[in-house]
Amino acid sequence: MATIKMTVNGRERSGEAEGRTLLVDFLRQELNLTGTHVGCDTSQCGACVVHVNGEAVKACTMFAAEAEGAEVVTVEGMANPDGSLSVIQQAFQDHHGLQCGFCTPGMIMSAAALLKDNPKPTEAEVRHYLEGNICRCTGYHNIVKAIMAASGQDVSAVAAE
Amino acid sequence: MSVTKPLPHDSGPLHVTGQARYVDDIPTPANCLHLAFGTSSIARGTVTAMDLDPVRTAPGVVAVLTADDLPFANDVSPSIHDEPLLSVGTVHYVGQPIFVVAATSHHAARRAAAKARITYAEEAPILTVDQAVAAGQYFDDGPRVWQKGDTDAALAAAPHRLRGRLEMGGQEHFYLESHASMVAPQEGGDVVVYSSTQHPTEIQHKVAEALGVPMNAVRVEARRMGGGFGGKESQGNALACACAVIAVKTGRPVKMRYDRDDDMTITGKRHDFRIDYDVGFDDTGRIKGIDFQQYTRGGWALDLTIPVADRAMLHADNAYLLDHARITSHRLRTNTQSATAYRGFGGPQGIFGIERVMDHIAHTLGLDPIAVRQVNYYHNMGPVRAGKVSGNTTPYGMEVRDFILDEMTEKLLADANYADRKAAIADWNAKNPILKRGIGFSPVKFGISFTLTHLNQAGALVHVYQDGSIHLNHGGTEMGQGLFQKVAQVAASRFGVDVSLVKITATDTGKVPNTSATAASSGSDLNGMAAKAACDTIRDRMANCLAELHQCPVERVRFEDGKVRVGDNEMTFEQAAATCYQNRVSLSATGFYKTPDLSWDRAKGQGRPFFYFSHGAALTEVVIDTLTGENRILRTDIIHDVGRSLNPALDKGQVEGAFVQGAGWLTTEELVWDDKGRLRTHAPSTYKIPACSDRPEVFNVELWDGENPEATIYRSKAVGEPPFNLGMSAFFALSDAAAACGPNYPMLDAPATAERVLQAVKRARG
C-alpha cells in the first residue's frame, strides 16, 4: 500500500492504494465519490469516464498510481461553482437524456470532453464520439439531443416531435 | 393537474450530478464483508472432489461456505424450489454457484474464489432444442397445446399452404448496473436488505426461507436500479440470500456485487425460441388455418419458464384474427443458464413467429407485406369490416374490443410516405448492384396484465404531514422507467398540488407488503391506482373536516391549483393540512387496487387473461452491403398507443429505448455457447449491444392520440414492453433488402448479424 495524492474536483485528496488499485476503485472506495460507476469492469461501457489532466479516461482502465499528482475531475465536480447545474447537466435534465441514470455520469463526462474539443459538433460527430458509452435504456435519441442542445444548437431537427 | 405533463424524471438532478445512489453506492458500513461465488466450469456432472483450502487461506478471506454450511433453505427459485443457492453435488450449467467466499474486499473475494480445485465426473450436456427433445427433457410434463377451431381441416382445405422454421436467439439484459445486494444484520436475528431488485417481496420471502425466520424479520429496501428489463425479477435472490446468511453467521454487514463477467455467466437471459409453422391461406393472404410448434430452452431450472412460454402462446396471434389455430409449446430443460424474464416475457417471441408467417405469405403471393397484415387484422373497434368470418376472439377465447391498428397503420403509412418510398427503394435497388435497401413493417397488439391473475394487485402508503408536504410510497420499483415520477404526478393531481410537494421514497417491504414484481408493464397501472386510492382516502377525510368547519357541503370542497377551496373560502394546501391536523384528522392512508374483470383458465387456455391491449406500429428502412452483410438502419417511424399518457416525455422515452433494444435483440445481439456449454459472449467486447451510432439516422416517434376504453389510471396504458416488439420492423427490412437480391424467400433467422444477412442474400439468389 502506498499513499496517493491527486487533485480531485479542485481539491487536494489523498488515500491508500495498492499498486494494482484501479482509479475507479480509488475514487469510489477511498474518496467516496460514487458518482463514477462501474458498468462492465472491462473498459467498454463508459460508465466510469472521468477527466484526467483534461482528457476523458475510462477510470477502470487506469491505475490510481498513474494519476499521482494529476488533475482529476469526476461528475461530482461538473456543477457550476454556485452549485447550479452546468449547461450539459441541465441539458440532460431538460431533454430527458437519462432513464435509469447509471450511464449518465459517464455520458456527461464524455459529452464535456467532446464539446471542449468540438464546441459545435454535428449530430453524426456526437454519435460517433459516444460509441464508447453504452446506454441500455434510452435508445440514445434524447442523449444526442441533450448534447446538441448543450452545444447551443437547434435541436428541432434532432427531435422529430 | 400534473398528470399528462411531460415532466422530467424525478431523479434527473441526482443522476447528472452523481448523487443518485445505487446499492453499491450506499456508504459501506465498517467491517463490511464482500462476497464472490465459486462456480462450475462444466455444464453437467457431479463434483467428485473439492479442495477449498487454497480459498480459505487466500488473503482477506473470512469465511467459505458450501451447501452443507447453509442453515435453512438452500433455494433461490421463484417457482418450484428447484434452484439451490449452492450446488448440492451435481452441477447443471457452466457458471452454477458451488461455494461462496466472504472476504474483506470485492477483489479479494473474487481472487480467492478462483483458487478452488474442483474435480468433476463429467456427463454429456444437453444444450440444444434437438438434444432436449430427444432426451425428453420437458418442464411442465410435456408439450402444452391450446387451440381454436379445426386447424387440420382448415389447413387441408386452404388454397395455399406453406411450412417454415424460424430460429431466434435469446438476449442478455445488460442492465448497466450489475446485480448487487447489501445486508445489515439487526438485533434478534432480523436483517435489512438493500437490493437491486424488481421484486422486493420475493427477496424478502427467499431471505426469510434462507434464514429460517418469518417474513416479518426481513425488511427489503430498493430505491432504484440501474436498469432491470426483467433481469432483476428473480435473479437477485441468490445475492440477497448469500449476503443474509453470512451477515447472520458473522454478525457483520455483507455486500455482493456481480462483476460483469459473473453477471453474464451466472444469470439467466431471454428465452431463445424455435418456431415451426404450417399455414394455409387464400389468394389475398388471409390465413385460413395455422399450426405453430414453439420450442424454447428454459435452461437448467424452471424459474419463470412456464409463464414466459404461456405468454409466447398468448401472443402467437399478435394482431391477427385466426379462425383455426393450434399452438403447441415445448418447454425444454437444458444445461444452460436458467432463462428468465426479459421485457415482453415471451410475448415478443410469439409475435415474431406470426410476423415471419405474414412476411413469408406475402413473398409467396407477391403481395405487399403490409396489405397481407391488414387483411388479417382483428376487427377494429367500431364498424366491422367485410371478409371476416368469425367473432373477434383470440385463440384463447378472449374477445378483442379495443383494436385500433387499422387507423394507426393508415396514419403511419401516410405520415412516413410509405407508397412513394417503397417505389423509390425498388428504383434504387434496380440501379445499385452491391448495396440494397429494404423496408419493413411490424404492428403489435400486446396483452396487459400478469397472466397469473393474483399478481394483479398493488398497495400504496401516503402520508400528508402538517406542513402540507406529502410522503408517497408504493409497491412498484424504479428501474429508470419513470414509474416514481408518474405515480407522484398522480398523487399531486389528487391533491391538486405541484408535484414538488410529493416526496418519492424507496420501495420498502416494511411500508407496503405483499407486492408483485414491477413487471409485465404493469407498474403505473397498478401502483398509480393504489396511490390514487390512498390519496383519495386522505382527501375525503380532509374535505369532510373542512366542510364541517366552514359549514358548507362537502361537494363544495375542491383541491386544485395548490389551493383548497371550501365553499367561498380559499386556503393553501399547507393551511388545510395544518387545520386538519389540529382537528385530529388522520392524514395517513393505505391504498389498494386489483385489476378487475380478469378470468383465466390456464389448463384449458381459455378466458380473459388481459385487462386490455396496447398497440403500436413501426416502419423501418435499412441498407445492406451484399458483399459483407453489414447494414444500417436509415429511418424508423413509429406510432404507439399509450392511451392518455400520464407523462408523454417519459412514455416517448420508453418507446424509443424499447425499439432500439428490440432491434438489438433481432440484429446485433448474439449469444454463443460452445459445444461444452460455455457462454462465449460474456462481456460487451463479444456481445454487441446497440451503440449510439446504431440507432436509426432518422427516428420519428409519435404517441397515438387516444385513451384507454378501460377505466385505468387517468385512461392511460402500459408502455414498458409493447414497443419492444417494434424492433421487428428492422428485422423485416433486412429480410426485404435480402429479398431484393434474388427470387427466393431469404428465410432470415435472428439475430440478423452481418453473417446471417449474407447467408440470406445467398439463399435469395438461390
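Within every chain, numbering begins at 1; the chains are lettered A, B, ... in the order of the sequence lines, protein sequences first and strands thereafter. Heavy-atom basis, side chains included; hydrogens, waters and symmetry copies ignored.
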Which answer fits [X], side chain, backbone, both or neither, if we ask what part of it has an atom under 4.5 Å from a heavy atom of chain A?
X: B:Pro648; answer: neither
X: B:His107; answer: side chain
X: B:Asp24; answer: both
X: B:Ser11; answer: neither
X: B:Glu177; answer: both
X: B:Leu703; answer: neither

Student check: side-chain heavy atoms of B:Phe174 and A:Cys40 closer than 4.5 Å: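 Counting from C-beta outward, B:Phe174 and A:Cys40 do come under 4.5 Å.
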Sub-4.5 Å side-chain heavy-atom contact between A:Cys100 and B:Met225: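 Heavy-atom side-chain distance check fails, nothing below 4.5 Å.
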At a 4.5 Å cut-off on heavy atoms, which part of [X] comes close to chain B: side chain, backbone, both, or neither?
X: A:Ile108; result: side chain
X: A:Asn133; result: neither
X: A:Ile134; result: both
X: A:Glu76; result: both

Starting at [atom1] of [X], measure out to [atom2] of [Y] and round the result to the nearest 0.5 Å.
X: B:Phe229; Y: A:Cys137; atom1: CZ; atom2: SG; answer: 3.5 Å
X: B:Ser693; Y: A:Tyr140; atom1: OG; atom2: OH; answer: 8.0 Å
X: B:Ser105; Y: A:Asp25; atom1: OG; atom2: CG; answer: 9.0 Å
X: A:His141; Y: B:Thr636; atom1: NE2; atom2: OG1; answer: 11.0 Å
X: B:Ile689; Y: A:Cys45; atom1: CD1; atom2: SG; answer: 9.0 Å

Ring pair (Phe, Tyr, Trp, His ring centres under 6.0 Å) between A:His37 and B:Tyr22, intermediate numbers included: CA-CA 9 Å; A:His37 295 143; B:Tyr22 304 84; 5.0 Å; yes
B:Arg21 side chain to A:Thr34 backbone, donor-acceptor under 3.5 Å: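 Absent.
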When A:His95, A:Gln44, A:Gln90, A:Arg127 are compared by non-hydrogen pairs under 4.5 Å with chain B, the top option: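 Greatest number of close heavy-atom pairs with chain B: A:Arg127.
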Partner chain B: residue of A:Leu98, A:Ile143, A:Thr74, A:Asn32 with the largest heavy-atom pair count (under 4.5 Å):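 The option with the most such pairs is A:Leu98.
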Closest approach of [X] to [Y] (non-hydrogen atoms, all atoms of both residues):
X: A:Val75; Y: B:Gly18; answer: CG1-CA, 3.6 Å
X: B:Gly12; Y: A:Gln93; answer: CA-OE1, 3.1 Å
X: B:Cys692; Y: A:Val144; answer: SG-CG2, 3.6 Å

With a 4.5 Å cut-off on heavy-atom pairs, point out which of [options] contacts chain A the most.
options: B:Met479, B:Arg257, B:Met264; answer: B:Arg257
options: B:Asp259, B:Val655, B:Asp261; answer: B:Asp259
options: B:Val16, B:Asp694, B:Val698; answer: B:Val16

Lys/Arg-Asp/Glu bridge criterion (N-O < 4.0 Å) met for B:Asp25, A:Arg28: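 Yes, this pair counts.
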Passing option when A:Gln99 is tested against B:His9, B:Glu656, B:Gln481, B:Gln654 for side chain to side chain donor-acceptor pair (under 3.5 Å):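 The option that passes is B:Gln654.
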Within 6.0 Å of CD in A:Glu18, more than 12 heavy atoms from elsewhere: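 Count over threshold, so yes.
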Heavy atoms from other residues, nucleotides or ligands near CZ of B:Arg680 exceed 12 (cutoff 6.0 Å):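 Correct, the count exceeds 12.
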